[in-house]
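Notes follow once the structure below has been shown.
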Amino acid sequence: MLRLSCPWCGTRDELEFSFGGESHLTRPTLAASDAIWSDYLFNKENPKGIHFERWMHSYGCGRWFNVARDTVTHEIYAVYKMGLPKPDLD
Amino acid sequence: MAPTQKNRLTSGGRIDRSKPLSFKFNNRKLQGYQGDTIASALLANDISTVNRSFKYHRRRGIMSAGVEETNALLTVSDGKGDVPVVRTTVRALVDDHQIKSPSGFPSVNFDLGRVLDFTHRLWTAGFYNKVFKWPNWHWYEGMVRRMAGLGNLPGGEDGNRYFHHNLHCDLLIVGAGPAGLAAALSSVTSGARVLLVEQDHELGGSLLANRALINAVDSDLWISRTRSALEEAVNVTVMTSSTVSGYYDHNVLTIIDRSTVGVKRFWKVRAKEVLLATGAIEQPLVFENNDRPGIMLAHAAMEYVNRYAVKPADVMVVVTNNDSAYQVAFTLYDNGVRVPAIVDARKNIANEIVQQANQRGIPIMSNSVILNTFGTSVLSSVRVGTLSDDGKSTVNPTDEIACQGLAISGGFNPSSDLYSQAGGNLQYAAELACFVPMQCRQRVTVAGAAQGKFSLAEALTEGACAGSEAANKAGFTCAPIDVTTSTTSSYNLKAVRITPAGDSSRKWVDFMADVTVADIELAVRENFVSVQHLKRYTTTGMSADQGKTSNLNALTLLAELTQKPIGEVGTTTFRPQFMPVPMGAIAGQRHGDFYTPARLLPAHDWHVRHGAVFENYGAWKRPEYYATNGRDRETAIREEVLALRRSAGLFDGSPLGKIELTGPDAGEFLNRIYVNNVLTLKPGRIRYGLMLSENGIIIDDGVFARLADDHYLVSTTSANADRIIAWLEEWHQCEWPDLEVIISTVTSQWGVTTIAGPNARVLLQGIESDIDFSAQALPHMSVATGTLLGVPARVQRVSYTGEMSFEINVPAIQSQRVIEALMNLGGNRIAPIGVEASLLLRTEKGYLHVGADTDGMTNALDVGFAGIVAKKQSDFVGRRSLLRADDQRKDRRQFVGVEPLNDNENLQSGAHFVTPQDEGRRSQGIVTSACFSPTLKRIIGLGLLERGFERKGETVTVFDDGRTFDVRITEPVFYDPSGEKMNA
């Protein structure tokens, strides 16, 4: 049961949030090849370690935001607003 | 002493002899005392066989005094119905308990199932797949199902009540034995919020089974002083009869709290720091026939004597590989049990201990192990052998030594379940021959026996240190208290638990799942050498006890057989729950009416008064049909359809999803979402549209209206309302945050009443409103705003039935008033329409019902949207997917109408379109909707058919439930194809 810190509302239980999968995806244009389009649709990162992903505070403010989470330890390294670039975690 | 309690000691123990309790075991009336567990009461009454084993139906007796029990899992009734698989070793006895052995036919003492034991060589690991092959599994299934299992599920309503609670603390201490109590005492002064949780109803842990001197006072006194000190401290909460059952991420733990009779509370605790003082579990020894009633863990025997004043038997042999069992032997002896021998696997035993044994006249047989045990119903004797020099065989078997009990001690294994659930790793400590906690990613520390510190002195001092350290880590300040004991204890374990002799198919490793050494040997021979495979193939450790007394021995065996160090064999991961938790506790109050809160229509009461029969559509309770004048369902639906087609119908569409979009970019935003062109829609007009997933699949359909230049109203299907608002928000916030649009859901703000039918306009023109309902002012697919009966109203000309139709939106609170007014005005020219009639009307019209007529493979092109897509210039969600070759295949399943050639054929949704007989009857699609049309007086349907668009007029065979018949493929519209009535 994770504990996430919504950038707008503060720290809340995982129960209040919805998981939205990998973040920082770039949506290809209509001119993209089938290969690029299917990569965008189906090939998601599945790292052992830090994953940049998006969550929504569904039972709160309803805002989406980004989370950098370790998929092994579930440690949350960063929470940052939509549209911001991946933070440097080194 | 009650006459039946043959094994009860005359004094001592923590039972209350002034409060006798009567209970029944397999219908035999017996007596125990307040303070007994069910198991201790059974032992007091000299009940040796309490159950039959899972697979071989062997007699089994009480084997432990704790949660690790593998045998005495019985069916218990306390007047609220039978509860199976109750661990009677930890369940307090109450008056009038009815206890039954779940296994054994006709009785637990004479069980015909014993034939399985005589033929045991047939039932080895994997026997399901080996023995039951011929003629086939089903030939055996009934018999196996009857014989298997650990009891029967109770029927009827659960008499218990269940609640969920949340709790936050700075320090959660699990276990109130010596280490946990010392830790709690140390942390009291820190001011940290401390929660101490103990599964027993008493604090003390191992001290309850074996008293000691702590800080120069008797441990009973120390415990009660400690309890008072903790209860007086405002920052400490003590929970007893509560088991920490699960350890989850970010230090969330669950507790099943049984402290209130008839109520079970399931706590979710978030702790800054966790201290596990969960103790250790004694491990059994493995020798031939080590499962007979009368054989029990040594420290359990001591607990029965000291805590419950019950001697497990009159004559008991003690067998051990470590020092700790000597205390057990002495306790038994001092309480009148004859101890004919202590059998010790070690050669060298400390002089001090030998002297104490000599004083009592108990002979010690060193370097020895049990070879075999004997007895018919209960243990009657054991045979002992000496270990050979290399330890791989035995020599010099003795004569049988008569005894009725055998106390076995293979040393301890830390109770690491919670630590493992938390993600902690265990390492094998060779000198202790057990697994101890090593490292964990979560904020958890382990103290006392749970960390492999098995002496009381270590548990106390290290518990005190760990308690203050944990409080410090949580941000509080305190120092460890001084807590000492004059009681010394030694351990000196020799890692021999398995007798290197005897029939391995009669040497039990897992008593609960009935797994023997032979099963593990077989698994290794068949190359199931990974610990994960071994576990699943043999089922070792997979029963309700999660291998608390079997995992270590199984791993030791596996290591021996594969000639690997035990540390390299590895362990399996423990999973929640540590102890079985009732399903009711997990559900809490989320059952019955609270499972999904019902959503009622704003005019619910009106529908009730007019005979509505309600059905659940998602969370909404909606009229399925109206049982006016007692008519049945089918009649009602037919009459409702005809009433609407002939004159007018009123349909409550309030659950319809309604989303408003405002802002300068509202149109642009919707244009990127809808398949259709949104930008060309003029204010006051409405368009029907599809929404796709990014994969091109239809996720929703509905109309969207442009109320003003920068103001749109989107209608979604009722079931998808919540999903679509989330979908729009996600696209706006994550993909196009630059678009200026505000999305708001107004589903429950507006009540929707649809008036449809040839007389709809005439009716509406009779009602007080400033809206012009004429065909010129308000044509099909247009919207008007104004007032109706003096309240704000939006009227949309949209039709789901194929008739002229007005969808009247008013503030939800006014909905009932509008319905009443319209119905009064209409009199017998208007009838209320339920959901079923509405769906039937749309089938006649051939309108798509997303989710029924489409599935997870249906794209926009499959429902005839190719032209609309082609005309649109810009991108929209899912458009790129429609360009893929596969999405444009000509032989995709496409939306069609269908009607049987022969009127008598009962076409049903779910039937398959199939290829001709000579082509092998391959499925070419499915009938997705079908009904008898009251309007057309024949059966019609809709479906998805390969190449459907080019097959209109063709005859196709349909397969349904074993029958085949022919249907004609048509346009998906059966009623008013020209739209003349709808556009009127």
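The chains referred to below are lettered A, B, ... by the order of the sequence lines, with proteins before strands, and numbering in each begins at 1.
- Between chain B and the options Asp13(A), Asn66(A), Thr29(A), heavy-atom pairs under 4.5 Å are most frequent for Asp13(A).
- More than 12 heavy atoms of other residues, nucleotides or ligands sit less than 6.0 Å from atom CZ of Phe42(A).
- Going from atom CZ of Arg270(B) over to atom CZ of Arg3(A) covers 5.0 Å, rounded to the nearest 0.5 Å.
- In this structure, Glu735(B) CD and Leu25(A) CG are separated by 8.5 Å, a value rounded to the nearest 0.5 Å.
- Of the residues considered (Pro28(A), Ser58(A), Ala32(A)), Ala32(A) shows the highest number of contacts with chain B, using heavy-atom pairs under 4.5 Å.
- In this structure, the side chains of Arg54(A) and Glu730(B) come closer than 4.5 Å at one or more pairs of heavy atoms.
- Contact of the Glu694(B) side chain with the Tyr40(A) side chain is registered, since non-hydrogen atoms from C-beta on lie closer than 4.5 Å.
- Looking at Asp70(A), neither its backbone nor its side chain comes within 4.5 Å of chain B, counting heavy atoms on both sides.
- The CZ atom of Arg63(A) sits 7.0 Å away from atom CD of Glu729(B), with the distance rounded to the nearest 0.5 Å.
- The neighbour count for Glu740(B) CD, taken as heavy atoms of other residues, nucleotides or ligands under 6.0 Å away, does not exceed 12.
- Within residues 76-87 of chain A, the residues having any heavy atom closer than 4.5 Å to a heavy atom of chain B are Ile76(A), Met82(A), listed by residue number.
- Across all their heavy atoms, His250(B) and Leu2(A) have their closest contact at ND1-CA, 3.5 Å.
- Here the closest non-hydrogen pair linking Arg27(A) and Asp875(B) is NH1-OD2, 3.2 Å.
- Every residue two or more places apart in sequence or in another chain that forms a side-chain hydrogen bond (donor to acceptor under 3.5 Å, both in side chains) with Thr254(B) is listed here: Ser245(B).
- Within a 6.0 Å sphere centred on CZ of Phe19(A), heavy atoms belonging to other residues, nucleotides or ligands number more than 12.
- Taking Cys734(B), Gly423(B), Ser874(B) one by one and counting their heavy-atom pairs under 4.5 Å with chain A, the maximum is reached by Cys734(B).
- The CG atom of Leu30(A) sits 8.0 Å away from the CZ atom of Phe876(B) when rounded to the nearest 0.5 Å.
- Sorted by first then second residue, the side-chain hydrogen bond (donor to acceptor under 3.5 Å, both in side chains) pairs that include residues 876-889 of chain B, not counting sequence neighbours, are Asp34(A)-Arg880(B), Trp37(A)-Ser881(B), Asn695(B)-Arg884(B), Asn859(B)-Asp887(B), Arg884(B)-Asp887(B), Asp886(B)-Arg889(B), Arg889(B)-Asp891(B).
- The side-chain hydrogen bond (donor to acceptor under 3.5 Å, both in side chains) search around Ser416(B) returns none, not counting sequence neighbours.
- Listed for the Arg441(B) side chain is a donor-acceptor partner under 3.5 Å among the backbone atoms of Val72(A).
- Distance check: Arg69(A) CZ to Asp249(B) CG gives 8.5 Å after rounding to the nearest 0.5 Å.
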